[in-house]
Protein chains: 2
Amino acid sequence: MTQHTCFRHPKDYPCTCAMGNLYRFVEPVVLFLLKCKGRSYGYELSSELAEHALTDAEIEAAALYRTLRQLEKNGFVRSEWDSGHSGPARRVYALTERGEVHLEEWVTVLDHMSASMVRFVLDAKSECSQSETHEDVVGVATLAGWAGQ
Amino acid sequence: MTQHTCFRHPKDYPCTCAMGNLYRFVEPVVLFLLKCKGRSYGYELSSELAEHALTDAEIEAAALYRTLRQLEKNGFVRSEWDSGHSGPARRVYALTERGEVHLEEWVTVLDHMSASMVRFVLDAKSECSQSETHEDVVGVATLAGWAGQ
DNA sequence: CACTCCTCAGTGCAAGTTGCATCTATTGAA
DNA sequence: TTCAATAGATGCAACTTGCACTGAGGAGTG
């Protein structure tokens, strides 16, 4: 990330924006929404994505559309054009069987990851309180200056 | 990710390898280890990283070294050469005050993220069992064919 | 001595990813 | 006519990453 300040969140809020491509977690959420709804299209999904998002980073429409096309390329969803309504045509997506399996794989992965994170947070918090020499200064800035590469 | 098969894990294990740059979670773990140990160097950290890693993706030495340099560039750690021992010289790192704050920001972020993930996993699991038409097929393959962009 | 292996820190590059700006088109309302 | 909302998508510069590789110091072995 080149971006060295996050202009999307207040200054004292540690946000995930600067982590950049972490918004890949778009993929499992899209699969989940398609499973729940049966079928949907990009523009509709984009508004519902935030409710189930795994980070607080804003999800760009561009990323969502590209993710959907890639999911289709990999056989996890299938799509067709739908013009039976007013306004521009919609590319309507639905999960395939492979997509259902893929969602379950994601659930397993996220289950493991969340457990690791919870463990890490506990470890880190106890380590912090252990060597508490200064006041509690949690949440003073954002992750904007994160390391990356 | 180009990589379409994961050769590092058994076939029926949904791994995070294919998620690629997720191993950015190297950063908080490095900060945490430096806080615990006081000071350390790349080669040593690389062996301890796996124990606290937030994903099961292998952490490459190249990524670790680059992360450390970047952390230093951003003022979260500082380093000096140490030759007072046999073998090649080591670049020894220690947390700065900014680094301690940054670690606490990461803890806050990961706390939020883990909560979101736990919620998502619960939602997805209940959704799956709700519409259970086929046997439980969790964990049949890897995330190798994940969508990306 | 030559040879090999381990330790330690990197670099180079092709391929992939992403944020942002921009484009096209349809429809309805002012 | 003009504007706004809906809908999907692309172009590109900048960045990230996996993999292969370099190179140096020291220990052990024959």
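Throughout, a chain's letter reflects where its sequence line sits, starting with A, and its residues are numbered from 1.
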task: Between A61(B) and H85(A), just flag the one whose closest nucleotide in DNA chain C comes earlier from the 5' side.
output: A61(B)
- line: Of the candidates dG10(C), dG26(D), dA9(D), the side chain of Y93(B) sits closest to dG10(C)
- prompt: How about F32(A) and H52(A): are their ring centres within less than 6.0 Å of each other?
  reply: yes
query: Is the phosphate of dG10(C), meaning OP1 or OP2, less than 4.0 Å from a side-chain N or O of R69(B)?
result: yes
message: Does either side chain, that of T67(B) or that of E27(B), offer a donor lying less than 3.5 Å from an acceptor on the other one?
response: no
- prompt: OP1 or OP2 of dC8(C) sitting under 4.0 Å from any side-chain N/O of Y41(B)?
  reply: yes
query: Between R78(B) and T96(B), does any side-chain donor sit less than 3.5 Å from a side-chain acceptor?
result: no
- prompt: Is a side-chain N or O of D82(A) found less than 3.5 angstrom from the main chain of G84(A), in a donor-acceptor match?
  reply: yes
task: May I ask you to verify if any side-chain N or O of Y43(B) is less than 4.0 angstrom from the OP1 or OP2 atom of dT7(C)?
output: yes
- prompt: Closest to the P88(B) side chain: dC8(C), dA7(D), dG28(C)?
  reply: dC8(C)
statement: Between CD of Q70(A) and C1' of dG8(D) the distance, given in whole Å, is 17 Å
- prompt: Donor-acceptor pair under 3.5 Å: do we get one between R66(A)'s side chain and the base of dG19(C)?
  reply: yes
message: Check this one for me: any side-chain N or O of R91(B) less than 4.0 Å away from OP1 or OP2 of dA9(C)?
response: no
message: Please confirm whether the shortest side-chain N or O distance from Y65(A) to OP1 or OP2 of dA9(D) is below 4.0 Å.
response: no
